[in-house]
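Below is one structure, written out as structure tokens; the observations come after it.
Here the structure is a predicted model, which means the values were calculated and not measured. Here is how names work: the chains are called A, B, and so on, in the same order as the sequence lines, proteins then strands, and each is numbered from 1.
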Amino acid sequence: MKANDYEVTMDALVSLCKRRGFIFQTSEIYGGINGFWDYGPLGVEMKRNIKACWWKSMTQLREDIVGLDSSIIMHPRVWEASGHVGNFKDPMLDCRETKGRYRADQIFVLKHKTDDSALMFAYHENAPAPAEKKIKKVAKGDAADYAEVALLDIPLDAYDKLVGPDTNEPGTLTEPRAFNLMFKTYVGPVEESSNVAYLRPETAQGIFAQFGNVCSTVRNKVPFGIAQIGKAFRNEINPRNYTFRSREFEQMELEFFIKPGTDAEQHEYWVTERLKWYEKVGLPEGRMHRDIHEGDALAHYASACTDIMYDFPFGTQELEGIAARGNFDLTQHQETSGKKLEYHDEETKERYIPHVIEPSAGVDRIALALLCEAYREEWINKETGEISTAEVGAKRAPEGHEARTVLAFSPCIAPYKVAVLPLVKNKEPLVAKAREVYEQLSKRWKCFYDQTGAVGRRYRRQDEIGTPLCVTVDFETIEEDNAVTIRDRDTMKQIRLPIAELEAYISNIVDF
RNA sequence: GCGGGCGUAGUUCAAUGGUAGAACCCCAGCCUUCCAAGCUGGUUACGACAGUUCGAAUCUGUUCGCCCGCUCCA
């Protein structure tokens with residue numbers, strides 16, 4: 001499947017998310033603020049389910065990973081050690097003519113070796129060919145007389161002789177401006193530079209900074225991991241695509257510490273492991289891809305990095321990055337803090353700084369992917385009950401059919417697991433029995449009780465919020481068999497089941 | 001941040017500078033023995049702030065937000 005094979009438009013999805021209470025614009029009554037979103041009553045349940053599935057798969061179903069919850073504001077030197085204070089900013093410049101925008105560190109310049117008054121030609125890193133052509137065409141010169149210089153080494157007062165990468169005119173480039181992507185604040189009531197602190201731009205550094213304490217308390221042996229879920233903040237230049245790129249977002253990060261030399265096999269292991277998890281929560285193999293970083297795309301300290309990509313309606317985008325970061329982070333913290341962050345291997349009697357594999361996932365992106373994946377519009381034949389996929393862009397169902405909107409979540413992700421419905425509401429014994437069943441099931445799962453309107457309408461309401469199972473109490477329940485019907489969201493088929501067997505049946509379907 | 005487009009009930013759409021309407025949704029009541037039935041009633045909107053005008057949803061400016069392209073990224 002490709003991104004453009006979707007029946008979903010983002011508009012339809014955004015509309016449903018608002019109407020049913022998944023996602024709201026933050027502080028909407030004041031006009032909202034770009035890059036921040038709130039999760040409504042259904043969204044928060046869904047998001048908690050995503051995190052719970054991850055947390056369970058990491059810290060409960062395996063013995064070699066422990067959890068951590070570190071603070072959002074940490075000592076500023078953490079960010080010096082990690083390189084965020086120095087490097088987490090991208091100087092950018094614009095071309096006034098073409099309206100293009102470039103990262104200054106990715107632009108290089110061909111400059112005449114002897115003649116400072118000659119025009120200079122900018123080009124994209126590793127792609128000097130267009131600039132060489134312009135030397136011939138525009139300056140009537142010879143490329144051999146020119147030398148490569150980084151754009152950032154060109155003095156600002158020489159910009160009027162600089163020809164942009166995508167133009168033939170000099171003087172169209174603006175000066176590079178730095179964008180620090182970290183949110184800054186002050187610790188204590190006095191706003192002075194000595195009090196500056198940052199909201200964390202990733203949760204990972206909290207794990208590295210507590211590496212020593214965790215090691216000395218839980219007696220773990222390499223390889224082992226520390227997992228953390230939490231908010232992170234980045235002052236993105238331009239948030240876009242609904243919640244996909246937000247300024248406040250939630251991460252699920254694992255730092256898996258390994259013996260140096262096992263990096264490649266452990267990296268591959270975690271990529272495979274994580275793809276299995278995505279399939280389990282409802283993202284099919286056909287829409288998932290690996291984007292393997294190579295060469296310049298790889299950070300200098302990393303030996304491997306694979307992004308796990310999903311085909312969104314707006315394009316194929318990253319959900320998670322899995323990086324083999326060597327021992328860069330722990331080494332940096334050891335040097336900056338002066339505290340030893342070594343691991344003592346009891347078996348080999350060696351001391352070393354472990355290497356690390358970092359699967360780092362964005363919760364909000366996964367939530368958005370799951371919503372895109374789950375959303376479908378269907379047509380139901382009124383006579384036969386046959387379900388077919390609705391035609392793209394059709395406003396109405398064809399004659400003899402009715403439309404149905406479904407969020408076909410994996411049951412472990414669905415905000416509500418079960419809806420309990422009395423067949424009608426004006427017969428007290430039915431209502432009483434339904435309440436009893438509802439209260440029993442609510443002890444184990446998030447359930448929904450609804451007695452309003454016709455039962456068919458109530459089923460459709462549950463379809464639209466993705467509830468996998470509907471339990472209906474009818475007259476037979478109280479008069480004959482103490483059994484209920486269970487209706488499946490996807491097939492709309494019903495079976496009859498004794499109330500005594502209900503919990504086991506539901507558990508089998510909805511528990512992760 | 002740059003360029004373009006767009007802001008009217010929860011949603012989808014109306015309204016010539018002159019009383020803001022509809023459908024669906026939602027809520028209440030009646031009715032209802034399994035897939036959005038029906039009847040009655042009800043709540044809810046001109047993104048914000050200025051300006052022009054006797055009078056602004058409508059014209060102008062500013063701002064905020066959304067969408068698209070550039071850019072960027074978990």
Using Watson-Crick and G-U wobble pairs with both distances under 3.5 Å, what is the 5'-to-3' dot-bracket string of RNA chain B, with [ ] for crossing pairs and | for pairs outside the strand? (((((((..((((....[..)))).(((((.......)))))....(((((..]....))))))))))))....
[N] versus [M] - spacing of their [atom1] atoms, nearest Å:
| N | M | atom1 | value |
| --- | --- | --- | --- |
| B:G69 | B:G10 | C1' | 31 Å |
| B:A45 | B:U58 | C1' | 16 Å |
| B:G18 | B:C49 | C1' | 24 Å |
| B:G1 | B:U12 | C1' | 34 Å |
| B:U16 | B:C59 | C1' | 14 Å |

Base, sugar-phosphate, or nothing for [X], non-hydrogen atoms under 4.0 angstrom?
| X | value |
| --- | --- |
| A:Y242 | sugar-phosphate |
| A:E248 | nothing |
| A:L319 | sugar-phosphate |
| A:A403 | base |

Assess whether one donor atom and one acceptor atom, taken from the side chain of A:R365 and the base of B:C73, lie less than 3.5 Å apart.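 Indeed, a donor on one side and an acceptor on the other fall under 3.5 Å apart.
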Check this for me: does the side-chain of A:R19 come within 3.5 Å of the base of B:C25 through a donor and an acceptor?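 There is none.
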Distances under 3.5 Å between nitrogen or oxygen atoms of protein and nucleotides 30-34 of chain B:
{"from": "B:U32", "atom 1": "OP2", "to": "A:N426", "atom 2": "ND2", "distance (Å)": "3.3"}
{"from": "B:U32", "atom 1": "O4", "to": "A:K425", "atom 2": "N", "distance (Å)": "3.3"}
{"from": "B:C34", "atom 1": "O2", "to": "A:Y459", "atom 2": "OH", "distance (Å)": "2.6"}
{"from": "B:C34", "atom 1": "O2", "to": "A:Q494", "atom 2": "OE1", "distance (Å)": "3.4"}
{"from": "B:C34", "atom 1": "O2", "to": "A:Q494", "atom 2": "NE2", "distance (Å)": "2.5"}
{"from": "B:C34", "atom 1": "N3", "to": "A:Y459", "atom 2": "OH", "distance (Å)": "3.4"}
{"from": "B:C34", "atom 1": "N3", "to": "A:T485", "atom 2": "OG1", "distance (Å)": "3.3"}
{"from": "B:C34", "atom 1": "N3", "to": "A:Q494", "atom 2": "OE1", "distance (Å)": "3.4"}
{"from": "B:C34", "atom 1": "N4", "to": "A:D474", "atom 2": "OD2", "distance (Å)": "2.9"}
{"from": "B:C34", "atom 1": "N4", "to": "A:T485", "atom 2": "OG1", "distance (Å)": "3.1"}

Donor + acceptor pair across side chains of A:Q210, A:S70 (<3.5 Å):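 Their side chains do not contain a donor-acceptor pair, so the 3.5 Å distance test is not met.
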Check whether any side-chain nitrogen or oxygen of A:R457 sits under 4.0 Å from OP1 or OP2 of B:C25, and answer yes or no.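 Indeed, a polar side-chain atom of A:R457 lies that close.
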Hey, can you tell me if A:F328 and A:Y301 have their rings parallel, tilted or perpendicular (30° and 60° cut-offs)?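 The arrangement is parallel - the two ring planes meet at less than 30°.
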Got a sec, which pairs hit salt bridge (charged side-chain N to carboxylate O under 4.0 Å, His left out) with one end in residues 30-50 of chain A, sequence neighbours left out?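 Every salt bridge (charged side-chain N to carboxylate O under 4.0 Å, His left out) pair that includes a residue of residues 30-50 of chain A, provided the two are not neighbours, is A:E45-A:K446, A:K47-A:E250, A:K47-A:D364.
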Is the centre of the A:F211 ring less than 6.0 Å from the centre of the A:F257 ring?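 Aromatic pair counts; centres sit under 6.0 Å.
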Does A:W270 reach the side chain of A:L254, with side-chain heavy atoms less than 4.5 Å apart?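 Yes; the side chains approach each other to less than 4.5 Å.
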Does the side chain of A:R461 reach to within under 4.5 Å of the side chain of A:T452, using non-hydrogen atoms?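 Counting from C-beta outward, A:R461 and A:T452 do come under 4.5 Å.
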Any chance you could lay out the side-chain hydrogen bond (donor to acceptor under 3.5 Å, both in side chains) test for A:Q205 and A:S82, step after step, and finish with the verdict? CA-CA 7 Å; A:Q205 296 306 323; A:S82 70; 4.7 Å; no
Give a yes or no answer on whether the side chain of A:Q332 reaches the backbone of A:A81 with a donor-acceptor pair at less than 3.5 Å.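 The answer is yes, because a donor-acceptor pair under 3.5 Å joins these two groups.
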Check ion pair A:R376-A:D490 (N to O, under 4.0 angstrom):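 Here A:R376 does not pair with A:D490 in a salt bridge, since their nearest N and O are not under 4.0 Å apart.
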